[in-house]
Amino acid sequence: MPPPDTTHGDTPAKNATHGDAGAFAQHWRQLCRNPLGLFGLALVVLIVLSAVFADFIVPFDATQVMAGPRLAPPSWDHLMGTDQLGRDVFSRVIMGGQVALLVALSSLAAALSAGLILGLIAGFGPQWLDNGLLLLLDSIRAFPVIIFALAVITLLGPSLATVILVVVITTIPVYARVVRTQTQALSNNEYILAERAMGAGTGRILGVHILPNVIGPLLILASMDVPLIIALEAGLSFLGMGVRPPTPSWGTLLNDGYNYIHNSPWPVIAGGVPIILTTLGFTFLGEALRDIFDPKLRRDL
Amino acid sequence: MWFYLARRLLLAVAIVMLAVTLLFVMIHAVPGDPAAVILGPRATPEQIAQIHEKMGLDDPLPLQIVNFFVDVTRGDMGTDVFTQRPVSQIVLGQMPYTITLILSAITWATLVGIPLGCYSAIRRNSLIDKFVGVISVSAIAIPSFVMAIYALLIFAVWLGWLPAIGAGGDGFWDTLSHLILPAFAVGVGWVGYIARIVRASMLEVLGETHIRMARAFGLPERRIVFRYALTLAILPTVTVLGVGMAHLLSAAVFAEVVFARPGLGALIVHAVDTRNYPIVMGTVLVTTALFVISTTVADLINAALDPRVREGL
């Protein structure tokens, strides 16, 4: 493969945000000094691998109803027991991870791009557009997420696509706001003013100077949103309003287990533990990354 | 202050109005006839015409939006499709359960979170501080509905200490015992959250000159921490609590479903299940209003306490 085309002005900005091999080694050493971050990384790697290779890992078809015992406790045949229909819970947990990551990644990608564009428009465009967009974004945030999700689901019907849509709409305002603030802070910098004085167009200023500086903090924010999105998908599926059966999701597993909680604790344990491990893994990793790359970016404080 | 108050209230009203409009647009953006959506697949043409008439669906769109606003401000949110009772009556009837749950959750979270955060800040980098830090992050990260289910499994199903379902109502102790597990599940993330915020702002305050001055005067450490540092350091929690209303409401939805408690969350989930559109709308409106009111109040309290905020807007 040929080396990536380095257009002028692109390289320094890239170096500033992503760093070269030396900076990467330094970041890696910083991460190694953070045991919680390493633990998070290990969990994330484990979860991603199990989702990617899910088809090779699962011992049974996750949707196959078997003749064996129902609500059986864990055994060597069924590592996490069976559910109320006799399906293998371990296979369902592994396949559920695929659904969770699919929702998280696809909705994050969409929300990031939309938030980026809206934020750049708000931050760089005329004042009236900025005010209008801000009001719109703030009113979307005025709905509690679950309530908003339920309203959308009533209209569009429960499905995987609806869940993704809800996540995208509710996360766009956060990203757009961050991008807007960053853009406004940057666009008054002297080097941008100088660039403009030399006749650079808006496209060049945004693409070459602002975008690379905005994307770093945005990606860290996004990585910290992964657990929230996974929790939302699982939560909606738990309410029976997310992923439709027979597709396995950690939320539907929990819901199945909840209905039989007095008969057997195993399905509930098997459905909840992956959610806990995933949210913890991504949170620990996200916090460690934030501390390494941008200690100032503390949204929660 | 008056200028700030006016601007902040105006913003709140604007946000509620936009939210109402969004809601209205959402219903009309759905492909198909809202009347058919409300009545479901078994509707007869006469029923649909009746709903059209009743909801004014044949009026011009701007008039519909205006009418919708007028109705909502008068507290008229339509009637329930199934029971024919006014939506406002049903929604407001469920509200006390949710408010009780949210208030008790936030109360215990504050009572535990503030001392934890304060202690962590004083004993910075000690083992306990690090332990509290990890626990706080974990408590925030783990979704509240998973907490709720596990609390149900452990304390109600296995140990049998507390009742599993319902809101009780047979005397004070019965109501309290039904409240403990849901309030635990809703509040546990907030313990971590509040602890973190108090720790961070406490560290900031402890580094300021008036604290150094107090130390130089030889005031007892206890007095410095509680009288001069903590009173300042708990201010940020006020704002966070206001914004946190949305999270609390979301957590309450799950807690109400898991513990089969009555409340706004249980109401809306059931309404979505049965596609009972007027109830869904009514609940969304009321919860949104609750949220906007609480953020506004929190901002105003903050502005009253901190002059910098007033000038910032």
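Chain identifiers are assigned alphabetically (A, B, ...) following the order of the sequence lines, protein sequences preceding nucleic acid strands; residue numbering begins at 1 within each chain.
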How about residues 276-283 of chain A versus chain B: which residues have heavy atoms under 4.5 Å apart? A/Ile276, A/Thr279, A/Leu280, A/Thr283
Qualifying residue, where the test is side chain to side chain contact (heavy atoms under 4.5 Å, CB included) with A/Ile147 and the options are B/Leu285, B/Leu264, B/Thr287, B/Val286: B/Thr287
Where on B/Leu153 is there a heavy atom nearer than 4.5 Å to chain A: the side chain, the backbone, both, or neither? both
Okay, A/Ala234 and chain B: the region with an atom under 4.5 Å from a heavy atom over there is both
Apply ring pair (Phe, Tyr, Trp, His ring centres under 6.0 Å) to A/Tyr258 and list each qualifying residue two or more places apart in sequence or on a separate chain. A/Phe238
Segment of A/Pro265 engaging chain B (4.5 angstrom heavy-atom cut-off): both
Would you name the heavy atoms of B/Val137 and A/Glu287 that are closest together and state the gap between them? CG2-OE1, 3.9 Å
For a side-chain contact (heavy atoms from CB on, under 4.5 Å) check, start with the C-alpha distance between B/Tyr150 and A/Val273, then their side-chain angles and the critical distance, and finish with the verdict. CA-CA 10 Å; B/Tyr150 282 4; A/Val273 169; 3.7 Å; yes
Whatever's closer than 4.5 Å to a heavy atom in chain B on A/Ile269 counts as both
Tell me every residue that passes ring pair (Phe, Tyr, Trp, His ring centres under 6.0 Å) with A/Phe148, counting only those two or more places apart in sequence or in another chain. A/Phe143
Less than 4.5 Å apart, side chain to side chain, heavy atoms only: is that true for B/His247 and A/Val145? no
Contact leader toward chain B among A/Ile230, A/Leu36, A/Ile146, where contacts are heavy-atom pairs under 4.5 Å: A/Ile146
Who wins among B/Val280, B/Ile149, B/Val253 for the most heavy-atom pairs under 4.5 Å with chain A? B/Ile149
Inspect the surroundings of CG in B/Leu127 and state if more than 12 heavy atoms from other residues, nucleotides or ligands are less than 6.0 Å away. no
Check: A/Trp250 and B/Val146 side chains under 4.5 Å, non-hydrogen atoms: no
Non-hydrogen atoms of A/Phe284 and B/Ser138 that approach each other most closely: CZ-OG, 3.7 Å
pair A/Leu239-B/Phe254: side-chain heavy atoms closer than 4.5 Å: yes
Partner residues of A/Thr162 under the side chain to side chain donor-acceptor pair (under 3.5 Å) criterion, sequence neighbours left out: A/Ser159
Can you measure from NE2 (A/His262) to CG (B/Leu152) and round to the nearest 0.5 angstrom? 6.5 Å
Chain A contacts, top residue of B/Val257, B/Val258, B/Thr295 (heavy-atom pairs, under 4.5 Å): B/Val258
